[in-house]
Amino acid sequence: MKTQWTELIVFALLFVGVSAIGFVASRWRRPGTMEHLDEWGLGGRNFGGWITWFLIGGDLYTAYTFVAVPALVFGAGALGFYAVPYTIVVYPMLFLVLIRLWSVSHRHGFVTPADFVRARFGSPILALLVAITGIVATMPYIALQLVGIESVLKSMGVTWDLKLGGVTLNLPIIIAFAILAAYTYQSGLRAPALIAFVKDTLIYVVIFAAILIIPSQIGGWGAIFDKAQVVFEGTKSPADGLLLNANNQLQYVTLAFGSALALFLYPHSVTGLLASKNRGVIKRNMSALPAYSLLLGLIALLGLMALAAGTKPIGTDKNTIVPQLFDSMFPDWFTGVAFAAIGIGALVPAAIMSIAAANLFTRNIYKEYIRKDASPKQEASVSKIVSLVVKFGAVLCILLLDPQFSIDLQLIGGVIILQTLPSVGLGLYTRWFHKGGLVAGWIAGMGLGMWMLWLIGNPVTGKQHFAGSAFPLEKWGLDTKMTIYVGLVAVVVNLGVAALVTLVLRVGKVADGVDATRPDDYFADEGDEKKPEEDEKTVVETVSST
Amino acid sequence: MTAPERTPPPTAGPTTSGRSDRSGWNWLLIIPVALPLLPFIYNSDEPRLFGFPLFYWLQLAFIGVGVAATSVVYLMTKKKGGES
């Protein structure tokens, strides 16, 4: 494919500009010292409403989302629209939950969800499980951001490969991630926070232009839906269509609901949340973040536009459908802007995710098991180095393994992160569960989830395992063609086992961990006294001696 | 926590006891959680709006319901809780 020079030049200019911002970000809202995890990893815990909106918006609605959701709608129709109910349900559902998480973290200086579990249930083992789950779920997500960049590079005809032995390395992706790694190392969470302004502005401009321009070129909205309908009727697959059918409604609802439950269990979401300065900022953002849901809904419709316009993906890679649509509809220079929006859109979440994974390692593995007396300065420097390792790992994942592997892993990631719901989510409300019960529930949910995903095949593509998250209930002997989201089934079993084992352990009077939090911690706000360092130390020591 | 500007004066004790997030307004939040999870409400082509089938325009409209509910709850509980 020919290299599109105009597009590439616009793309490169914007990319370089944003990278410069990333490096300068370390001076923005300049801290006294950068050598503290609160500064490097949480941007000073002091972001107001606007910054938080851009940061969390840029964090949750990733480049991969913007590429994959329309690709899903392009392939399956209505089912791919689940992203809309998913991102509507999440904010009102978590409105009251997230402020509790913020408050208790504010009081105790927690940086990760596992920090909270450690203190709440007095169990380093449970915290370790939560931390590892978080890291494993996040890693492929970072790798997938590269898939987002890759799809636009492909559309621009950029295939500057470097052949090294038997391995083909895509040079531009390596350069992009090296720059990203460098400024995240230097500026920490401030870099993605500042870049998110540029990224989101570009995305809003591009999508509104697309919504205004593209329908008029292919006969208006009514025609788009009608033409898409014709295409769906022409396919052999019974699962696609403009509307849901009797068999995939349960899947649609459970996937939307399960994904909503999982969203704020991801460590990078928590990182964005804890960086805000008070409860009011979070509450206001629960009303403001749905603006991104509207954007996502409109982006999802790009999949139908591509169907109506007869856009063809490059090869079999459906993820190139949106770049290809832009390429055929926009003037070259604006296509360059649109591609830059997607490319930069990959950098913001990738940076936050690597920071979140690094913080988990530092706080819940390094400090817990390797160096118990690590100073804040040591914590910050370990985190910085781990963030580099994490990004390096993500690049290797994409370069050396089949990209499909990362997509599978991300699918699994959604199911496994949900298994931390009882300890992280319900733990914010109740201390009823026994730490042993939660560990048992985690094992059960994890095992069942993996087993169900393993059983899911796709007869059309010939893939036998991990071909999706829609579990056919007929595999359990039920006389139905209905499918259900694996994650939700697994977490229900997880909860059941956790409750059962808790009861058994209580009857057996097995010692439980000590709760280091107090009820009023969950209502603390900006300006409320934080627990003094000494106080917290004593509590932690008590806990570990239990 | 070691940054000097954020260490509060030792005399300021915890003042959050007795606080609560409880409010009757919170029940409003159930509406935007329930509506999008009931496909029989919106899983239909007709009536169309600006060419959009019901399935698409109604679900996009639910975003507005979500914004309204969270905004009302925020505004109505703000004074009681003393939060900004």
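Just so we're clear, the structure is a prediction, and the values are computed from it rather than from any experiment. Lettering follows sequence order; numbering is per chain, from 1.
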Taking the ring centre of each residue, are F52(B) and W221(A) less than 6.0 Å apart? yes

Output the distance between atom CG (L37(B)) and atom OH (Y252(A)), rounded to the nearest 0.5 Å. 9.5 Å

For L60(B) and F81(A), run side-chain contact (heavy atoms from CB on, under 4.5 Å): C-alpha distance rounded to whole Å, both residues' side-chain angles, the deciding distance at 0.1 Å, then the answer. CA-CA 10 Å; L60(B) 289 174; F81(A) 212 62; 4.2 Å; yes

Taking side chain as everything from C-beta outward and backbone as N, CA, C, O, which of these in L37(A) sits under 4.5 Å from a heavy atom of chain B? Side chain, backbone, both or neither. neither

Name the region of A223(A), side chain, backbone, both or neither, that has any atom closer than 4.5 Å to a heavy atom of chain B. neither

Apply side-chain contact (heavy atoms from CB on, under 4.5 Å) to T70(B) and K283(A), showing your working. CA-CA 8 Å; T70(B) 46; K283(A) 286 185 170 183; over 6 Å; no

Between atom CZ of F95(A) and atom CG of L28(B), what is the distance when rounded to the nearest 0.5 Å? 10.5 Å

Please classify the contact between I224(A) and chain B as side chain, backbone, both or neither, with a heavy-atom cut-off of under 4.5 Å. neither

For the residue pair F55(B) and L244(A), establish whether any side-chain heavy-atom pair is separated by less than 4.5 Å. yes

On a heavy-atom basis, the closest approach of P290(A) and V67(B) is CB-CG2, 3.7 Å

side-chain contact (heavy atoms from CB on, under 4.5 Å) assessment of R284(A) paired with Y74(B): CA-CA 7 Å; R284(A) 286 197 297 275; Y74(B) 168 65; 2.9 Å; yes

Go through A69(B), S44(B), G66(B) and name the one with the most non-hydrogen pairs under 4.5 angstrom from chain A. S44(B)

Of Q229(A), R100(A), M286(A), the largest count of non-hydrogen pairs under 4.5 angstrom with chain B goes to M286(A)

Looking only at heavy atoms and a cut-off of under 4.5 Å, which of P53(B), A68(B), G64(B) has the most pairs with chain A? P53(B)

Who wins among D45(B), V65(B), L54(B) for the most heavy-atom pairs under 4.5 Å with chain A? D45(B)

Chain B interface, residue from D226(A), N46(A), L289(A) that has the most non-hydrogen pairs under 4.5 Å: D226(A)

Using side-chain contact (heavy atoms from CB on, under 4.5 Å), reason through L96(A) and L29(B) one step at a time and then give a plain yes or no. CA-CA 10 Å; L96(A) 297 165; L29(B) 297 172; 4.2 Å; yes

Of all heavy-atom pairs linking G222(A) and R48(B), the shortest is O-NH1, 3.6 Å

Please name the pair of heavy atoms, one in P32(B) and one in V89(A), separated by the smallest distance, quoted to 0.1 Å. O-CG2, 4.1 Å

Can you tell me if Y56(B) uses its side chain to pair, donor with acceptor, with the backbone of L242(A) under 3.5 Å? yes

Quick one: closest heavy-atom pair of N43(B) and L243(A), and the distance? OD1-CB, 3.4 Å

To the nearest 0.5 angstrom, please state how far the CE atom of M93(A) sits from the CD1 atom of I30(B). 12.5 Å

